[in-house]
Amino acid sequence: MADIVTDWAASGQALPYEDETGRDAFAELLNRYEHSLCGFLIVLLGDRDGAKDCLQDTFLRAYEHLQRGKSVNAQWLYKVARNRAIDEMRHKQRVRAEPHPMDEAAPDESYASEGTLAVHRTLLQLSSDDREILYLAEVDGFTSLEIAAMLGIRAGAVRMRLSRAHVRFRQAHGERR
Amino acid sequence: MIRHERFQMMLVWPRELSPRERLQLERHLAACPDCRETEVMVAENRDQLRALTRLRPPQDIRGALLEASDASHDVVSLYAPIAFAFLIIPITLIALGLMAAYGWVAVVGVLSLLLAFAGATVLHSERVGGGDGTPTMSRDTLPWRELGRNIALDAAGVAAGCVVIALLLLVLAVVSGGLR
């Protein structure tokens, strides 16, 4: 999946607008990005239900975009998903007085193994900035330029941020052991 | 320290290095145990983070998305401002004609027409279905916000059309009055 995302994003191509309603393009969009985008949102939000809502909203916006004859590419999709996740996090902060103990969330079917859950719990100890940069670069394989475009920051800042996020991930992982 | 930071940044973006930078990094790693340690750390982190490629989406999400996109498609295609836009001018002319004859009743008539159209969309949505007769959307899944926005846009379009045509008539009246 990471390879597909990277190849497609690197090519700079937009999804083809294949039929009158964009349904073919939408099905293709789901095939390519359902897993990776869902993983990104679960990591960013630490909440499976919230991730599901954001994923649904993101894909519906993509569908409407396609119906208007516009194109959708990986960066667009991740940017929309990220903005939606930020709204969700703000909403949670307003609703909840105390931070949610997400790192001790019960395992569910999202996690293929205990190892995946352990990594996820480590990530949840980091800031959302660190989580998103680690996921986008190391799991989805986006380049620093692509991430810079998604986050609206300079590529140099992306490189620096990933380097520091690696150090903090290692520290958090050490503390959990 | 700054020098180390530069090489540590290079370590996390190995695919983006030029041949020259790669050579510089290799030379530095040969001489710097701290950066070699960082290299090992980044490699271990990467191995662990790759486990997240196996994060599974909720099982019901795909079906829900396809269902929701069907609902969105049906509403948008039944009631899209762009599809309705070409009616704005004739509706405005009819509204002006009616207004001349019946006053503000015409405005109420146009609004009623819009509401009736929206109501028909909602009622029809229950009957749109697949080959097996199951509805592809119900009132519960209608994107009400989208529908409301489209109705508001159309109403604004009709109002704008009325204003433009009224201004044109006013200008014509002034010009023709001036000519007399």
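All figures in this text were calculated on a predicted structure; none of them were measured in a lab. In the text below, chain A, chain B and the rest are named by the order of the sequence lines, each starting its count at 1. Computed over heavy atoms, backbone and side chain alike; hydrogens, waters and symmetry mates excluded.
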Are Leu162(A) and Ile153(A) in one and the same hydrophobic cluster, where Ile, Leu, Val, Met, Phe, Trp and Tyr link if side-chain heavy atoms are under 4.5 Å apart? yes
When rounded to the nearest 0.5 angstrom, what is the spacing between CZ in Arg15(B) and OG in Ser144(A)? 9.5 Å
How far does CE of Met160(A) sit from CD of Gln8(B), to the nearest 0.5 angstrom? 10.5 Å
Check whether Leu37(A) gets within reach of chain B through its side chain, its backbone, both or neither, counting any heavy atom under 4.5 Å. neither
Distance check, rounded to the nearest 0.5 Å: Gln48(B) atom CD versus Leu123(A) atom CG? 10.0 Å
Interatomic spacing from CZ in Arg170(A) to OG1 in Thr38(B) - rounded to 0.5 Å: 10.5 Å
Are Ile86(A) and Leu41(A) in one and the same hydrophobic cluster, where Ile, Leu, Val, Met, Phe, Trp and Tyr link if side-chain heavy atoms are under 4.5 Å apart? yes
Do you know which two heavy atoms are closest between Phe142(A) and Trp13(B), and how far apart they sit? O-CZ3, 3.8 Å
Nearest 0.5 Å, please: how far is CD in Glu44(B) from CZ in Phe169(A)? 10.5 Å
Is the shortest side-chain N to carboxylate O distance from Glu5(B) to Arg164(A) below 4.0 Å? yes
Verify the cluster assignment for Leu134(A) and Met9(B): are they in a single hydrophobic cluster under the rule of side-chain heavy atoms below 4.5 Å apart? no
Nearest non-hydrogen partners of Glu138(A) and Val12(B), listed with the distance: OE2-O, 4.2 Å
Walk me through whether Val167(A) and Met41(B) qualify under side chain to side chain contact (heavy atoms under 4.5 Å, CB included). CA-CA 8 Å; Val167(A) 174; Met41(B) 176 200 77; 4.1 Å; yes
